[in-house]
Every structure is written in structure tokens, then in C-alpha cells.
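The first residue of the sequence shown is numbered 1, and numbering continues consecutively from there.
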Amino acid sequence: MNRFVSIALGLAVSGLLLASPALAQTRIGGVTLTPVRPPATVPASSTTDDYERESIPSGYREVRGRVTGPGEGLRLPAGSQITVSLVDLNTAKSLVDIKFSTTRLSTPYQMVYNPVRLKSAHQYAVRAVIVDRGGRVLYSSPDTALPDGMRVTLNVPVMAP
């Protein structure tokens with residue numbers, strides 16, 4: 001074999017070995033399989049604390065948790081709506097209402113509110129109500145006392161009326 005051919009062959013083989021894994025495909029029965037790249041890693045400077053610090057406005061508070069039903073994985077009728085409310089028990093007024101659709105319980109919720117709206121002499125609670133497409137109440141929760149804190153977790157159990 002002449003020297004030019006062996007150099008060309010050597011370069012071709014090394015090019016194949018150095019090619020990116022994305023180019024390494026296998027064809028089986030008319031289907032081309034391409035290796036999947038591993039997921040990107042989170043940079044060391046980015047942490048969960050950074051996300052939580054920036055996820056709500058300065059001075060606001062967050063309540064998050066799950067609306068839970070009588071049984072885990074309880075299916076709800078199509079079109080069901082959950083309303084999670086922050087209620088002033090002294091005036092029976094809702095300060096914050098979070099509405100969303102869901103098809104099963106338990107389901108997560110997140111409520112962000114400004115504590116400036118709260119009066120120190122009043123009592124506050126979190127309440128959840130689930131209605132079907134027609135507005136009929138399927139499940140509701142008893143009033144659950146609002147915990148004190150900047151970011152708190154509060155699961156709200158609901159039951160049939």
C-alpha cells in the first residue's frame with residue numbers, strides 16, 4: 001500500500017473515532033438510532049436557594065403544599081376546578097384566591113401573598129374547595145390555620161360535603 005493511501009486511511013479512521021457521539025448512529029430495520037446526550041448538569045453557582053430567593057417578590061410570603069383527598073390518586077371529573085383561598089376568619093373575606101383545573105388528588109398548589117394586607121388582630125386560614133364543571137361542590141376542606149413564616153408548607157385535606 002502506498003504511503004498516501006495509508007495516511008488517508010489513517011486520517012479517515014481517526015476522524016471516525018473522534019467524531020461526536022451524536023454522529024454515531026445505528027440503523028436497524030429501517031429505523032435510525034441516535035445516542036442521547038446526557039442531561040446538562042446544574043452549574044455549581046446555581047442552587048435551589050437561589051431559585052427560592054428569586055421566586056417570590058421581596059417582602060412577600062409563600063404557602064405551598066398539596067390539596068389531598070380522602071384517597072391517594074382520587075380521580076376527579078373532567079373540568080373540575082380547585083380554589084385555594086387565604087381567608088380572613090374575622091370578616092369572612094377571601095384575600096387571595098388561586099384557581100386551577102385538575103383531574104386528580106393530591107395536587108400541588110402555591111400561593112404568594114403580601115403580609116401587609118394581614119391585620120395583626122385577625123385570624124387567617126387556608127381553605128380549598130373543589131367544584132365540578134357545573135359548579136357543584138365535590139369536596140371542601142375545613143379552615144386550616146395559616147402558619148407563620150416566610151415560606152411554609154401546608155397540606156390541605158378535602159372531604160366530601
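Using a distance-only test at 3.5 Å, with no hydrogens or angles considered, no donor-acceptor pair links the side chain of D88 to the main chain of A92. Judged by distance alone, with hydrogens and angles left aside, the side-chain atoms of S141 form no donor-acceptor pair with the main-chain N or O of V156 at under 3.5 Å. Between the side chain of N114 and the main chain of R117, no donor-acceptor pair closer than 3.5 Å is present. Proximity of a side-chain donor or acceptor of D143 to a complementary backbone N or O of R127 within less than 3.5 Å is not detected.
Between P77 and T103 the shortest side-chain heavy-atom distance does not fall below 4.5 Å. Taking 4.5 Å as the limit, some side-chain heavy atom of E62 sits within range of a side-chain heavy atom of Q110.
Shortest non-hydrogen contact noted between G59 and P115 is O-CD, 3.2 Å.
For the atom pair R133 CZ and Q81 CD, the distance stands at 10.0 Å (nearest 0.5 Å). H122 NE2 to N90 CG: the interatomic distance, rounded to the nearest 0.5 Å, is 4.5 Å. Distance CG/L95 to NZ/K93: 9.0 Å, rounded to 0.5 Å. Between the CG atom in L105 and the CZ atom in R66 there is a gap of 9.5 Å [rounded to 0.5 Å].
Under a hydrophobic clustering in which Ile, Leu, Val, Met, Phe, Trp and Tyr are joined whenever their side-chain heavy atoms come within less than 4.5 Å, directly or via other members, Y124 and V126 fall into the same cluster. The cluster map of Ile, Leu, Val, Met, Phe, Trp and Tyr, joined by side-chain heavy atoms under 4.5 Å apart, puts L154 and L118 in the same cluster. Connection of V96 to V152 is established within a shared hydrophobic cluster, with ILVMFWY side chains joined at heavy-atom distances below 4.5 Å, either directly or through further cluster members. In the hydrophobic clustering of this structure, Y139 groups with V84; members are Ile, Leu, Val, Met, Phe, Trp, Tyr whose side-chain heavy atoms approach within less than 4.5 Å, directly or through other members.
Looking at D148 and R61, a side-chain N of the basic residue comes within less than 4.0 Å of a carboxylate O on the acidic one, giving a salt bridge.
For the side chain to side chain contact (heavy atoms under 4.5 Å, CB included) with Y109, the lone residue among V63, T102, I98, I82 that qualifies is V63.
For CZ of F100, the number of neighbouring non-hydrogen atoms (other residues, nucleotides, ligands) closer than 6.0 Å is greater than 12. More than 12 heavy atoms of other residues, nucleotides or ligands shown are found within 6.0 angstrom of CZ on R104.
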Exercise for the section: Would you sort out whether V67 and S106 count as a side-chain contact (heavy atoms from CB on, under 4.5 Å), showing the intermediate values? Expected result: CA-CA 5 Å; V67 177; S106 79; over 6 Å; no

Practice task
Let me see the working for L86 and L146 under side-chain contact (heavy atoms from CB on, under 4.5 Å), right down to the final yes or no.
Solution key: CA-CA 8 Å; L86 174 59; L146 177 67; 3.6 Å; yes

Practice task
Tell me, with the steps shown, if I130 and V137 meet side-chain contact (heavy atoms from CB on, under 4.5 Å).
Solution key: CA-CA 6 Å; I130 303 173; V137 175; over 6 Å; no

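T83 and D97 share no side-chain donor-acceptor pair at under 3.5 Å.
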